[in-house]
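Written out below as structure tokens is the structure these notes cover.
Predicted model, so just to flag it, every value in this text is computed and none were measured. Naming: A, B, ... by sequence-line order, numbering from 1 per chain.
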Amino acid sequence: MARTAPQSTQVTPLARSFYDRDVVTVARALLGKLLVRTVRGRRTSGRIVEVEAYLAEGDSACHSFRGRRPRNAAMFGPPGCAYVYSIHARYCMNVVTEPAGVASAVLIRAIEPIEGVASMERRRGTEARRDLARGPARLCAALAIDRTLDGHDLTCGDSLWIAGGPDPDGVVTTRRIGVTSAKELPLRFLVAGSRFVSGTRRQNEPAV
DNA sequence: CTACCGATTGACT
DNA sequence: GTCAATCGGTAGA
């Protein structure tokens with residue numbers, strides 16, 4: 001086998017059963033995992049450090065709250081697929097959870113860049129490592145994620161997937177950022193102490 | 001068709 | 001901390 005750069009992290013995609021669980025369980029379990037993106041054989045990746053859960057029921061901030069639409073169709077599909085949408089002329093990426101028809105998802109809000117930092121810098125137009133993927137739309141820009149990946153199956157290990165990683169030492173729970181309804185729900189989860197999370201100091205104070 | 005608006009970001013005080 | 005650019009999706013005339 002050809003010699004390759006040493007890989008410190010396993011890159012086998014997580015199985016569908018990982019995603020076919022309660023959305024909050026999946027959200028917390030995603031912290032520490034490796035988000036992997038390949039473009040023309042070149043890999044970029046990062047450790048997930050910030051996520052938000054969006055509930056299938058009783059969550060007015062969830063895109064599925066007012067029913068199925070063309071835009072949110074992926075949320076109603078099987079678990080383990082991506083839901084990519086645009087807002088304010090940017091892209092954001094979610095992971096669909098729970099059985100098909102239960103329209104819940106986890107928004108990936110920030111990663112700590114691990115591989116392909118130079119590619120991320122080029123795509124983002126900055127060399128500030130902390131800012132490369134701190135925020136859901138910055139993350140998508142850094143990994144070249146757009147709506148062509150809406151509905152993409154994350155369990156195949158092709159183009160875009162999630163692999164295992166070390167569980168964080170601590171998790172902070174806060175309210176979600178930017179939502180204009182259901183603001184009070186404690187559904188944002190951060191790797192404690194990570195400098196790669198978004199939000200202000202106050203927004204990152206524990207809410208529960 | 002037009003009008004409104006958001007799970008954001010970056011520039012600025 | 002404040003503020004507005006940006007544009008696709010959706011609702012409504």
Euclidean distance, atom [atom1] of residue [X] to atom [atom2] of [N] [Å, nearest integer]:
X: A:Phe65; N: B:dG6; atom1: CZ; atom2: C1'; result: 16 Å
X: A:Arg123; N: B:dT9; atom1: CZ; atom2: C1'; result: 19 Å
X: A:Met93; N: B:dT8; atom1: CE; atom2: P; result: 16 Å
X: A:His88; N: B:dA7; atom1: NE2; atom2: P; result: 7 Å
X: A:Asp131; N: B:dT8; atom1: CG; atom2: P; result: 16 Å
X: A:Asn94; N: B:dA7; atom1: CG; atom2: P; result: 11 Å
X: A:Arg134; N: B:dG10; atom1: CZ; atom2: C1'; result: 11 Å
X: A:Gln203; N: C:dT2; atom1: CD; atom2: P; result: 11 Å

Which part of the nucleic acid, if any, lies within contact of [X], taking any heavy atom under 4.0 Å across all strands shown: a base, the sugar-phosphate backbone alone, or nothing?
X: A:Ala61; result: base
X: A:Arg124; result: sugar-phosphate
X: A:Arg147; result: sugar-phosphate

Does A:Tyr54 lie flat on the base of B:dA7, that is, centres under 5.5 Å apart and planes under 30° off? yes

May I ask you to decide whether [X] forms a salt bridge with [Y], counting only side-chain N to carboxylate O separations under 4.0 Å?
X: A:Asp150; Y: A:Arg71; result: no
X: A:Glu52; Y: A:Arg109; result: yes
X: A:Arg175; Y: A:Glu184; result: no
X: A:Arg28; Y: A:Asp22; result: no
X: A:Glu115; Y: A:Arg43; result: yes

When you compare C:dA4 with B:dC4, how far apart are their C1' atoms, in angstrom units rounded to a whole number? 16 Å

Would you say [X] places a side-chain N or O within less than 4.0 Å of OP1 or OP2 belonging to [N]?
X: A:Arg138; N: B:dG10; answer: yes
X: A:Thr180; N: B:dC5; answer: no
X: A:Arg109; N: B:dT8; answer: yes

Check step by step if ring pair (Phe, Tyr, Trp, His ring centres under 6.0 Å) holds for A:Tyr54 and A:His63. CA-CA 8 Å; A:Tyr54 286 86; A:His63 285 178; 7.1 Å; no

Just the atom pairs and distances: protein N or O near nucleotides 10-13 of chain C's N or O, under 3.5 Å.
residue : atom : partner : partner atom : Å
C:dA11  : OP1  : A:Arg69 : NE           : 3.4
C:dA11  : OP1  : A:Arg69 : NH2          : 3.1

Can you check whether A:Cys62's main-chain N or O pairs, donor with acceptor, with A:Asn72's side chain at less than 3.5 Å? no

Under 6.0 Å from the six-membered ring centre of A:Phe18 and within 45° of its axis: does the NZ or CZ of A:Arg16 meet both? no

Dot-bracket for DNA chain B, 5' to 3', Watson-Crick and G-U pairs with both distances under 3.5 Å, [ ] for crossing pairs, | for partner on another strand, reads ||||||.|||||.

Heavy atoms, side chains only, cut-off 4.5 Å: are A:Val95 and A:Tyr83 in contact? no

Nucleotide nearest A:Arg90 (side chain, heavy atoms from C-beta), chosen from C:dG8, C:dT6, B:dT9: B:dT9

Counting only heavy atoms from other residues, nucleotides and ligands, does the tally under 6.0 Å from CZ of A:Arg124 exceed 12? yes

